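Step one of this worksheet: look at the structure below.
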Protein chains: 2
Amino acid sequence: MTIRVSEAEKNVMDILWQESPLSSTEVVEKLQSQDWSEKTVKTFLNRLVKKGVVTYQKDGRRYLYSPAIERDEFLADESEGFLDKVFKGNMKELLATFVENKQLSKDELNYLKSLLDDQEDKDDKERDDVK
Amino acid sequence: MTIRVSEAEKNVMDILWQESPLSSTEVVEKLQSQDWSEKTVKTFLNRLVKKGVVTYQKDGRRYLYSPAIERDEFLADESEGFLDKVFKGNMKELLATFVENKQLSKDELNYLKSLLDDQEDKDDKERDDVK
DNA sequence: ACTTAAAGATTACACCTGTAATCGTTGTCA
DNA sequence: TGACAACGATTACAGGTGTAATCTTTAAGT
């Protein structure tokens with residue numbers, strides 16, 4: 001179920017994940033910063049619908065668009081693909097690259113540590129469950 | 001300096017990063033698993049040279065190819081782009097997605113923790129240096 | 001009732017990508 | 001020395017992408 005959303009299209013998805021349903025006009029407005037023609041945005045909406053990742057309900061003669069896939073699911077999917085394609089599945093190397101190159105803030109470091117602790121707890125719990 | 005290497009082309013880069021210089025024939029051999037025609041591989045080598053990410057020296061009438069960019073630099077670049085495009089620069093969310101979805105092994109968890117400790121030390125050191 | 005404006009549908013078009021096949025040159029073997 | 005084989009160069013071609021413009025339909029204003 002490899003979702004295929006192009007880079008430009010992702011910007012449209014992000015808008016819809018923030019808020020939906022939205023009319024095409026509203027989406028265009030929220031994409032001001034991208035500085036795309038209204039036509040361009042509509043093309044993307046169209047393609048996204050054809051790809052099955054966006055749906056719409058009719059509201060009179062216009063459509064109200066909504067995402068048809070979960071953002072979390074999408075992110076997980078993209079991340080998986082990125083790991084495989086760029087790092088050939090080597091998770092350690094990926095983590096090292098991010099941690100070392102991005103100079104995590106104190107805040108991000110602590111957040112990540114707490115994530116890791118949670119994860120460890122979960123692992124422990126699972127081990128116990130098995131026995 | 002946004003490097004532009006397509007997905008299929010990355011496989012060729014990976015070979016050259018493992019060992020270089022290599023003749024086109026050698027690259028083809030090492031890409032057996034991809035099950036591409038020899039022609040296809042040569043097309044990629046050609047395109048990579050045109051993109052400036054691979055160079056060659058002549059060896060008689062054939063070329064010996066080598067990467068023209070560092071793997072580390074490339075990975076950092078791709079990671080940066082991925083973070084921006086998919087997670088809109090939100091590092092915390094990216095980390096959470098990887099940590100939560102990929103079920104890190106005990107080993108990976110420990111490795112990551114040690115990375116974080118190193119990072120913290122570095123931060124401390126830098127703070128001291130400033131003063 | 002007509003004209004017009006706006007929405008979605010269709011068409012455009014160049015560049016990138018995946019995946020080769022063909023062309024031209026030249027070293028090599030018979 | 002003549003045919004062939006192997007190399008890189010050039011060409012091919014469909015599908016995806018970025019970026020719109022044009023077409024068609026229809027609600028709405030005069």
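Only a predicted model underlies this, so the values are computations on that prediction, with no experimental measurement involved.
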Open item on the list: Ignoring hydrogens, what is the shortest heavy-atom contact between A:Glu26 and A:Pro21? Give both atom names and the distance.
Closed with: OE1-O, 4.4 Å

Separation of [N] [atom2] from [X] [atom1] (nearest whole Å):
{"X": "B:Glu26", "N": "D:dG8", "atom1": "CD", "atom2": "P", "result": "11 Å"}
{"X": "B:Leu22", "N": "D:dC7", "atom1": "CG", "atom2": "C1'", "result": "16 Å"}
{"X": "B:Lys42", "N": "D:dA5", "atom1": "NZ", "atom2": "C1'", "result": "11 Å"}
{"X": "A:Leu45", "N": "D:dT19", "atom1": "CG", "atom2": "C1'", "result": "15 Å"}
{"X": "A:Phe44", "N": "D:dG16", "atom1": "CZ", "atom2": "P", "result": "15 Å"}

Open item on the list: Judged by each residue's nearest nucleotide on DNA chain C, which is more toward the 5′ side, B:Glu7 or A:Asn46?
Closed with: A:Asn46

Taking any heavy-atom pair under 4.0 Å as a contact, classify [X]: base, sugar-phosphate, or nothing.
{"X": "A:Tyr63", "result": "sugar-phosphate"}
{"X": "A:Ser6", "result": "sugar-phosphate"}
{"X": "A:Lys51", "result": "sugar-phosphate"}

Task: Donor-acceptor pair present, A:Arg47 side chain and D:dT19 base, under 3.5 Å - done: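 Side chain to base: pair present.
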
Task: Within 6.0 angstrom of A:Glu70 CD, more than 12 heavy atoms from elsewhere - done: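 No, not enclosed.
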
Look up atom [atom1] in [X] and atom [atom2] in [Y], then write down how far apart they are to the nearest 0.5 Å.
{"X": "B:Leu45", "Y": "B:Tyr56", "atom1": "CG", "atom2": "OH", "result": "11.5 Å"}
{"X": "A:Leu48", "Y": "A:Ser6", "atom1": "CG", "atom2": "OG", "result": "7.5 Å"}
{"X": "B:Glu9", "Y": "B:Arg4", "atom1": "CD", "atom2": "CZ", "result": "10.0 Å"}
{"X": "B:Met13", "Y": "B:Ile15", "atom1": "CE", "atom2": "CD1", "result": "11.5 Å"}
{"X": "B:Ser23", "Y": "B:Asp59", "atom1": "OG", "atom2": "CG", "result": "8.5 Å"}

Task: ring pair (Phe, Tyr, Trp, His ring centres under 6.0 Å) partners of A:Phe82, counting only residues at least two apart - done: A:Phe87, B:Phe82

Open item on the list: Using a strict threshold of under 4.0 Å (side-chain N to carboxylate O), is an ion pair present between A:Lys42 and A:Glu38?
Closed with: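 Between A:Lys42 and A:Glu38 there is a salt bridge, with a charged N closer than 4.0 Å to a carboxylate O.
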
Task: Opening and closing nucleotides of DNA chain C in contact with chain B, under 4.0 Å to non-hydrogen atoms - done: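 That gives a stretch of C:dT17 to C:dG27.
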
Which atom pairs link the protein and nucleotides 21-26 of chain D when you take only N or O atoms and keep those under 3.5 Å?
from   : atom 1 : to      : atom 2 : distance (Å)
D:dT22 : O4     : A:Lys39 : NZ     : 3.2

